[in-house]
Amino acid sequence: MSIEISGINKSYGDFVALQDINVSLPTGQLTALLGPSGGGKSTLLRIIAGLDTADSGTITIEGSDATALPPQKRNVGFVFQHYAVFKHMTVAKNVAFGLEIRKRPKAEVTRRVQELLELVHLAQFSHRLPSQLSGGQRQRLALARALAVEPTVLLLDEPFGALDAQVRKELRDWLRRLHDEVNVTTVFVTHDQEEALEVADEIVVINQGRVEQIGTPDQLYDEPANDFVMGFLGEVTTLGGKLIRPHDVEITVMPQHDDAIQGVVSRSLRVGFEARVHVLTDDGEEVSVVLTRSHARHLGLEAGQAVWVRPEPGALAVPSLRAVTA
Amino acid sequence: MAEVKEIRQHKSAVTYLLRFFVIGYLFVLVVWPLSEVVQRTFAPVEPDAAGGFGAFLERLQDPSVTYAFGLTITCAFWAVLINTVFGLGISLLLVRYDFPGRRILSVLIDLPMSVSPVVVGLALVLAYSSGSGWFGEGLESVGIFIIGSTPGMVMATAFVSLPLVIREIIPVLEEIGTDSELAASSLGANAWQTFRRITLPSIKWALAYGVVLSLARSLGEFGAVKIVSPGAEFRGETATLLIQNRYTNYDESSAYAAAFVLVLAAVLALVVVTFIRRPEDRT
């Protein structure tokens with residue numbers, strides 16, 4: 001086990017940021033800390049890095065107790081949401097920083113910087129200042145800088161949060177490939193469930209300072225531990241008092257099954273390749289259904305149309321503990 | 001820059017009126033009085049003697065004048081040095097740490113700017129004079145005299161120009177945030193390395209700006225120094241005190257010469273400041 005987090009508690013005044021967190025992160029894996037903003041995931045990451053201290057609990061990195069170690073002794077690489085590149089240094093100098101602090105021989109530093117800049121595709125920009133780079137390039141620079149010191153763990157705090165959607169998508173594919181290439185234990189914080197599901201080997205869902213569930217993306221999606229995880233990992237709607245994914249709702253214009261609930265289409269809209277239909281059931285539930293456009297056209301779903309809805313056979317449904325507006 | 005040009009293209013009567021008013025105001029308030037000083041500076045010492053640059057230099061070479069400028073430079077040097085070190089420390093403390101009384105400290109730092117320098121001088125006398133001061137007797141017993149000697153004048157100067165460095169650094173420190181510093185420490189840098197290689201380069205222009213302002217202010221300090229200094233020739237007479245003394249003793253020509261040097265120093269400071277501002281704007 002690369003990182004062992006046990007019994008971590010952290011409060012800011014009355015606000016409990018983290019409550020009894022116990023997580024083991026295996027060596028070489030790419031783990032996502034996923035949760036809503038203010039849920040405590042960034043705080044946990046900063047505690048692992050030593051940028052914040054826990055009120056109680058221990059952090060063990062590669063078998064040695066790091067709880068009381070200052071950040072510079074933990075050998076972790078940290079990448080910030082807003083890059084935190086050194087503005088007054090060139091790209092090459094930024095990457096060399098950690099190596100120069102470690103007083104590595106000059107030739108080695110030059111060689112390693114060159115290697116890393118090639119790895120992050122910034123080799124041709126080595127003499128530029130960070131202000132001459134785009135957001136995505138700056139974040140890649142920050143990543144190269146963190147990797148330069150050969151950290152035991154690479155920690156990324158919402159690494160793509162400040163980038164626009166297109167660059168974000170590109171960078172997360174790239175991060176996955178980079179991780180497979182470098183194979184350093186990596187933990188990244190995100191509030192974007194799609195990002196976590198796509199990139200991570202394992203996801204730790206954190207909400208209101210607690211771990212809700214730990215598992216692979218498939219486990220989390222297929223077997224959510226509770227309604228929060230279910231709701232956070234994807235869209236949900238309520239049908240017959242249960243939480244269900246909108247694409248798991250079967251919709252027909254004829255009563256074909258006994259368990260189907262009758263309702264009326266209240267609204268129908270098309271978003272790109274899919275159609276979203278809102279059905280008001282006779283029980284007064286508002287169910288949202290997602291289906292392909294062609295399917296919707298085939299059924300001729302318009303507002304006012306009488307329909308029957310039921311969970312698709314084998315669909316995942318979780319008892320709803322709270323009101324969900326889908 | 002583009003916006004400025006656009007504004008300049010629309011010249012109306014109001015523009016000209018405003019321009020006339022501003023120039024007129026500046027002329028009456030600043031340019032004309034200062035030009036009088038310059039004129040008197042280069043006027044002949046005696047009605048029949050030669051004027052010009054020679055006369056000016058001659059007045060400056062008077063030993064009491066060189067002494068006064070030497071003392072001014074000494075006081076300003078130490079005051080600026082103290083303010084730089086202390087100012088950096090206080091700025092970091094105020095921006096990077098949260099502690100009880102932080103806001104009060106922040107307000108207190110502005111006090112020297114708002115309180116009259118004369119009051120500063122009086123306060124220092126009350127605290128440090130060997131007769132009645134709180135610390136004066138103790139210090140006197142170990143052979144240190146503050147009031148009526150150079151240390152007291154350095155203190156008075158430092159007190160008055162204290163906020164200048166701090167007020168320049170604080171906004172920049174706030175703006176750069178802590179991320180780069182934290183990044184440096186996670187890369188293995190200790191506190192000193194982080195300060196030297198990350199924090200200091202980020203605030204260097206603000207610091208330089210503050211130092212120049214502080215220097216200009218220190219060179220021209222009068223009120224506070226006047227109270228704590230014996231103020232006699234060769235005994236605690238700084239350039240500004242010399243100007244006052246000479247002027248009241250009908251030795252106006254050397255007063256003007258000394259004043260001119262102070263004006264030159266101020267102009268120089270402004271020029272330096274303009275050059276410092278430029279790289280800051282670029283980023």
Side-chain angles (χ1 to χ4, degrees), chain A residues 12-13 42 45-46 48-52 66 69-90 93-104 129-132 138-139 141-158 162, chain B residues 1-2 84 88 91-93 95-103 165 168-211 275-283:
Chain A
Y12 296 101
S42 282
L45 197 76
R46 294 170 79 88
I48 298 172
L51 303 177
D52 241 326
L69 283 184
Q72 66 263 30
K73 300 246 170 75
R74 293 194 186 197
N75 200 31
V76 296
F78 201 96
V79 174
F80 295 79
Q81 179 177 1
H82 296 286
Y83 331 126
V85 292
F86 305 141
K87 291 193 186 110
H88 59 285
M89 296 182 188
T90 61
K93 277 280 170 198
N94 261 280
V95 179
F97 185 85
L99 299 168
E100 283 175 357
I101 289 285
R102 282 169 174 70
K103 304 231 159 51
R104 296 281 169 79
L129 282 174
S131 56
Q132 296 164 297
R138 280 182 218 182
Q139 198 55 296
L141 165 60
L143 212 68
R145 185 180 66 182
L147 286 173
V149 299
E150 286 167 22
T152 336
V153 207
L154 182 62
L155 306 171
L156 306 103
D157 189 2
E158 300 259 3
Chain B
M1 269 336 237
T84 307
L88 265 175
S91 307
L92 285 170
L93 188 70
V95 178
R96 295 285 185 257
Y97 300 91
D98 205 2
F99 51 91
R102 187 172 147 269
R103 285 182 66 97
V165 170
E168 287 302 322
I169 299 177
I170 281 183
V172 180
L173 271 181
E174 276 169 352
E175 192 197 313
I176 61 171
T178 53
D179 277 3
S180 334
E181 289 165 19
L182 290 175
S185 71
S186 83
L187 288 169
N190 60 31
W192 168 248
Q193 286 167 323
T194 305
F195 175 74
R196 251 257 321 119
R197 308 182 114 206
I198 306 301
T199 316
L200 202 55
S202 315
I203 60 170
K204 66 180 174 196
W205 293 116
L207 180 65
Y209 193 79
V211 163
F275 276 98
I276 290 174
R277 265 288 140 105
R278 218 173 282 162
E280 205 176 11
D281 289 343
R282 239 183 265 145
T283 52

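Chain letters run A, B, ... following the sequence lines, proteins first and then strands; every chain starts at 1. FYI, side chains are in, hydrogens and waters are out, and symmetry mates aren't considered; it's all heavy atoms of this structure.
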With distance as the sole test, does Gln132(A) use its side chain to make a donor-acceptor pair with the main-chain N or O of Leu129(A) at under 3.5 Å? yes
If you count heavy-atom pairs within less than 4.5 Å of chain B, which of Pro71(A), Gly98(A), Ala146(A) leads? Pro71(A)
Any donor-acceptor N/O pair, Arg96(B) side chain to Gly177(B) backbone, under 3.5 Å: yes
Step by step, would you call Tyr83(A) with Asn94(A) a side chain to side chain donor-acceptor pair (under 3.5 Å)? CA-CA 12 Å; Tyr83(A) 331 126; Asn94(A) 261 280; over 6 Å; no
Take atom OH in Tyr97(B); do more than 12 heavy atoms of anything else shown fall under 6.0 Å from it? no
Is Val85(A) in contact with chain B via its backbone, its side chain, both, or neither, using a 4.5 Å heavy-atom distance? backbone
Applying a strict 4.5 Å limit to non-hydrogen atoms, the region of Arg46(A) in contact with chain B is side chain
Would you say Ser186(B) and Gln72(A) are linked by a side-chain donor-acceptor pair, where the criterion is simply a distance under 3.5 Å? no
Which bit of Arg102(A) comes within less than 4.5 Å of chain B, counting heavy atoms only: side chain, backbone, both or neither? side chain
Need one label for Ala142(A): side chain, backbone, both or neither, based on atoms under 4.5 Å from any heavy atom in chain B. neither
Nearest 0.5 Å, what's the CZ-OG1 distance between Arg196(B) and Thr199(B)? 11.0 Å
Measure Phe78(A) against the heavy atoms of chain B and call it side chain, backbone, both or neither at under 4.5 Å. both
Among the listed options Gln81(A), Arg74(A), His88(A), the residue most often paired with chain B at heavy-atom distances under 4.5 Å: His88(A)
